[in-house]
Amino acid sequence: MSLAFDLPTAAYVHIPFCRRRCFYCDFPISVVGDRPPLNSSFGSIAEYVEIVCREIATTTAPSTIPLTSVFFGGGTPSLLTVEELAQILNTLDRHFGIATPAEISMEIDPGTFDLRHLQGYCAAGINRVSLGVQSFYLEILQACGRTHTPAEIFAAVDLIHQVNLPNFSLDLISGLPHLTLERWQDSLEKAIALSPLTCRSMT
Ligand code: SF4
């Protein structure tokens with residue numbers, strides 16, 4: 001009897017660093033504090049990226065089929081510099097191959113990137129982002145210990161539209177303190193109005 005199974009063609013890269021710890025979070029992360037200038041690296045993240053690349057280089061590829069999906073999750077992957085992101089993607093490409101097209105996604109948090117930063121991520125290969133909105137209400141964001149404001153959410157979406165990403169998603173959390181049914185309805189309407197999942201064709 002032979003067992004049929006699909007060989008993996010996706011990679012998940014975990015970036016376990018955040019500026020501060022949200023009050024509801026029990027993920028294993030390292031808190032690095034406020035961001036240095038956008039093009040300089042947190043030293044601990046640079047060391048971690050070196051280790052991840054070594055790990056990739058010593059991992060046997062499960063198949064000869066190139067990766068069709070790469071996902072950077074966290075933590076806060078948008079604390080990576082463009083160079084660090086490109087270093088990981090180049091290492092994945094050298095050792096496993098990345099298909100063309102492939103969906104290359106990244107979780108990003110409002111207030112952790114600017115236009116040049118986002119353009120650099122896209123030039124490195126990112127073609128989808130997931131924005132950590134969580135709530136559109138300042139009172140809720142503060143009650144949860146989030147580091148961003150509602151204004152930074154809208155500024156971040158504006159940047160995403162400016163770089164013409166093929167598609168993006170917005171992350172919202174239900175059941176948070178001070179979240180009423182009316183506020184949840186309003187949040188969903190706000191999210192839809194921001195036009196995520198634009199779904200242009202990937203090249
Ligand atoms: S951004 Fe996410 S991973 Fe980081 S502290 Fe907040 S909930 Fe945890």
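Order of listing sets the numbers, starting from 1, for every ligand and every atom in it. Worth knowing before you read on, the calculation uses all heavy atoms, side chains too, and leaves out hydrogens, waters and symmetry mates.
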Spatial distance of atom [atom1] ([X]) from atom [atom2] ([Y]) [nearest 0.5 Å]:
X: Arg146; Y: Cys18; atom1: CZ; atom2: SG; result: 8.0 Å
X: Ser187; Y: Gln134; atom1: OG; atom2: CD; result: 11.5 Å
X: Glu152; Y: Phe113; atom1: CD; atom2: CZ; result: 10.0 Å

* Asked: Think Arg128 forms a cation-pi with Phe168, using NZ or CZ under 6.0 Å from the six-ring centre and within 45 degrees of its axis?
  -> no
* Please work out whether the ring planes of Phe71 and Tyr12 are parallel, tilted or perpendicular, with thresholds of 30° and 60°. => parallel
* Could you tell me whether the side chains of Thr147 and Arg20 share a donor-acceptor contact shorter than 3.5 Å? => no
Closer than 4.0 Å to some heavy atom of [X] - which atoms of ligand 1 meet that?
X: Cys18; value: 1 (S), 3 (S), 4 (Fe), 5 (S)
X: Arg20; value: 5 (S)
X: Asp109; value: 1 (S)
X: Tyr24; value: 7 (S)

Which residue and atom name correspond to the protein heavy atom nearest [atom], and how close is it?
atom: atom 3 (S) of ligand 1; result: Gly75 N, 3.3 Å
atom: atom 8 (Fe) of ligand 1; result: Cys25 SG, 2.3 Å
atom: atom 2 (Fe) of ligand 1; result: Arg146 NH1, 4.2 Å

* **Any Asp26 heavy atom less than 4.0 Å to ligand 1** => no
* To do: Check if Arg19 has a non-hydrogen atom at a distance under 4.0 Å from any atom of ligand 1.
  =>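 The answer is no, since Arg19 has no heavy atom less than 4.0 Å from ligand 1.
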* Look at the N, O or S atoms of Cys22, main chain and side chain alike, and state whether any lies under 2.8 Å from atom 4 (Fe) of ligand 1. =>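 Given the 2.8 Å cut-off, Cys22 does not count as a ligand of atom 4 (Fe) of ligand 1.
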* Could you tell me which non-hydrogen atom of Gly74 sits nearest to which non-hydrogen atom of Glu107, and how far apart they are? =>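 The pair with the smallest heavy-atom distance is N-OE1, 2.9 Å.
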